[in-house]
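Everything on this sheet refers to the single structure shown next.
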Protein chains: 2
Amino acid sequence: MERPRIRDYFQQDLSQNETITPKQRAILQASLDLFAEKGFDQTSTSDIAQRAGVAEGTVYRRYKTKAALRDAILAPIAAHIVPILASDFSEDELRQRYPSLQAFVTAIFTDRVAFAKANVKELKVIFEMAAFDTERREQILSQIAPKVVKQMGSVINQLKADHLIVDWPNDLILQSLLSQLFGYLAQLMLELPGTEIEREQAYLITVMTKILTPGEHDQITGQ
Amino acid sequence: MERPRIRDYFQQDLSQNETITPKQRAILQASLDLFAEKGFDQTSTSDIAQRAGVAEGTVYRRYKTKAALRDAILAPIAAHIVPILASDFSEDELRQRYPSLQAFVTAIFTDRVAFAKANVKELKVIFEMAAFDTERREQILSQIAPKVVKQMGSVINQLKADHLIVDWPNDLILQSLLSQLFGYLAQLMLELPGTEIEREQAYLITVMTKILTPGEHDQITGQ
DNA sequence: TATTAAAATGAGTTATCACTCACTTATTTT
DNA sequence: AAAATAAGTGAGTGATAACTCATTTTAATA
């Protein structure tokens, strides 16, 4: 069975959004670009109007506030990020699709990296919000985190049963995987100089596989 | 060895040029706290004055603009974070101090984590700036990155010569180490729920050691 | 204690920005 | 084509925030 490509989800969303006028789309695009370039607070609604080539009043036609405009941009991401992060793996499929640890890691991450690459700007806006909006951060996390832990947990447990993965607590495994993933994403978002993204990506899979491969020195140090 | 706090540095810095008054110190402290709590843009100068227990005019007595106030906080961070991140390891000490990979990882790591813990607020302010001020980000990076690459590189090369570390390009090794480090720091800064910091820390060293331990499957996949 | 200089004050100024609304232009319906 | 509805406009408004300055308070010095 073919899993739908992640990047397709999002493309759909922007275009299928009912009868959205060209000017309204221009406003969304300009907002996203500016929020990602300068940050939400540093972007004025007149900036947006100017970049989109519309009058300032037009910005407020569909979105009552500037915050509502930001949320309209984030909504499709929030809606899709959950199924993407916590893709549902049926127990049956596991053995067939992920006979080796490397196959598992590769499958998981090509998906997520593709999604991230297609939505770099949106992710920047999300991270900016998450950094200082404590309430919403906790709200979003409380929705996403349990699902990720549960879904990924079941895969990890399966691999553990087959002794294909290191025997560490699942939350610790997830943390190190996510650290590597976010480290890679940071490079994308910050456009750090001197990075060859393709090379990094291949490396990422190697490192993650290595982290997860069971071995002899896997006891956690410290008391 | 005790790691100093950045706060001490900037108080030092200030007391060098003339005596700093208690109120001016209160303003700096309040600014730092508020910038870390709410972000720079979301903090008004009247907020700062109120928190510091002074009149708003007093804020502008020493610092001509709000941006200058932020820079007065960032300057000592930028000035002192370099030698700390890129602590100089003398070639002689290397073999004695880091006879094993784990000794290296542990040393590097406890050092920097302790530093980070003592300066969480300052780090938050720096990261906010780094996120959207492209110019200054590149400026700071161009100063720090080469030093880190050079200093850490010499240690890594030493370990490579002794076959104590995996034979990957140094920049890729650093990337995975920094990813793990920053993943851990994110937990500190964002106060993510359900994390037992001590446990994470012990785990981190284990993971990093595992990543870096040379093995058989260390070829980087993909072309 | 008297004099002088620096520090602090807070009411006031200016500028910006999010947002509104009476009106015009475009599109759809009859 | 006329009427009705929706989309778009831009000058205008109130609020807020950065910043100023004439005056007062505190500290230093003679």
Side-chain angles (χ1 to χ4, degrees), chain A residues 14-75 125 128-129 132-133 136, chain B residues 10-75 125 128-129 132-133 136:
Chain A
L14 272 176
S15 48
Q16 96 187 159
N17 208 356
E18 299 146 40
T19 48
I20 187 170
T21 67
K23 296 213 170 186
Q24 290 299 330
R25 177 167 303 155
I27 288 168
L28 278 179
Q29 189 63 52
S31 302
L32 175 60
D33 290 348
L34 287 167
F35 291 162
E37 282 170 28
K38 306 199 296 181
F40 180 77
D41 288 319
Q42 286 295 338
T43 301
S44 73
T45 49
S46 98
D47 284 341
I48 294 170
Q50 208 171 342
R51 173 80 65 99
V54 301
E56 202 173 340
T58 312
V59 175
Y60 286 90
R61 180 110 207 118
R62 188 174 292 254
Y63 310 103
K64 288 185 176 58
T65 66
K66 190 182 159 193
L69 176 56
R70 178 195 56 197
D71 293 345
I73 289 172
L74 293 184
V125 180
E128 187 198 7
M129 194 200 68
F132 290 104
D133 192 334
R136 298 183 70 183
Chain B
F10 74 50
Q11 284 178 0
Q12 227 175 29
D13 275 6
L14 285 167
S15 50
Q16 277 170 4
N17 348 330
E18 301 155 33
T19 47
I20 183 169
T21 67
K23 298 213 169 186
Q24 291 299 332
R25 177 166 302 156
I27 288 168
L28 278 177
Q29 189 61 53
S31 302
L32 175 61
D33 290 348
L34 286 167
F35 292 163
E37 281 171 29
K38 307 198 295 182
F40 179 76
D41 289 317
Q42 289 295 338
T43 301
S44 72
T45 48
S46 99
D47 285 341
I48 294 170
Q50 207 171 342
R51 175 78 65 98
V54 302
E56 203 174 340
T58 311
V59 175
Y60 286 89
R61 181 128 191 97
R62 187 176 293 257
Y63 308 103
K64 288 185 177 57
T65 66
K66 191 182 158 193
L69 175 56
R70 180 196 52 199
D71 293 347
I73 291 173
L74 287 181
V125 178
E128 189 196 7
M129 186 211 75
F132 291 106
D133 192 334
R136 299 180 69 182

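Just so we're on the same page: letters track the sequence lines, and every chain starts at 1.
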- Message: Applying a 4.0 Å non-hydrogen cut-off, can you work out what B/T58 is touching in the nucleic acid: base, sugar-phosphate, or nothing?
- Response: base
- Spacing of B/R61 atom CZ relative to C/dA5 atom P, expressed in whole Å: 14 Å
- Message: Nearest 0.5 Å, please: how far is CD in A/Q29 from CG in A/D33?
- Response: 4.5 Å
- Message: Whole angstroms only, please: what is the OH-P distance between B/Y60 and D/dA17?
- Response: 11 Å
- Query: Rounded to whole angstroms, how far apart are CZ on A/F40 and C1' on C/dC17?
  - Reply: 12 Å
- Message: Under 4.0 Å between a side-chain nitrogen and a carboxylate oxygen: does that hold for B/D133 and B/R70?
- Response: no
- Message: Once rounded to the nearest 0.5 Å, what's the spacing between atom CE of B/M129 and atom CG of B/L74?
- Response: 6.0 Å
- Picking from D/dA18, C/dA7, C/dG10, the nucleotide nearest the side-chain atoms of B/A55 would be C/dG10
- Item | N/O (side chain, A/T45) to phosphate O (OP1/OP2, C/dA18) under 4.0 Å | yes
- Rounded distance in Å - CD (B/Q42) to C1' (D/dA17): 12 Å
- Have a look at B/V59 and say if it touches a base, only the backbone sugar-phosphate, or nothing, with a 4.0 Å heavy-atom cut-off. nothing
- Query: Does B/D41 or A/Q24 map to a spot on DNA chain D nearer the 5' end, using the closest nucleotide for each?
  - Reply: A/Q24
- Tell me: NZ of A/K38 to C1' of C/dT16, nearest whole Å? 13 Å
- Task: Take the protein atom NZ of A/K66 and the nucleotide atom P of C/dC19, then report the distance between them rounded to whole Å.
- Result: 8 Å
- Task: Round to the nearest Å and state the distance from B/E56 atom CD to D/dC21 atom P.
- Result: 15 Å
- Think B/K23 has a side-chain N or O under 4.0 angstrom from the OP1 or OP2 of C/dA8? no
- Separation of B/Y63 atom OH from C/dA8 atom C1', in whole Å? 15 Å
- Message: Less than 4.5 Å apart, side chain to side chain, heavy atoms only: is that true for A/F40 and A/K66?
- Response: yes
- Where the side chain of A/T21 is concerned, which of D/dA18, D/dA7, C/dC17 is the nearest nucleotide? D/dA7
- Message: If you compare all heavy atoms of A/T45 against all heavy atoms of A/V59, which two are closest, and at what distance to 0.1 Å?
- Response: O-CG2, 4.3 Å
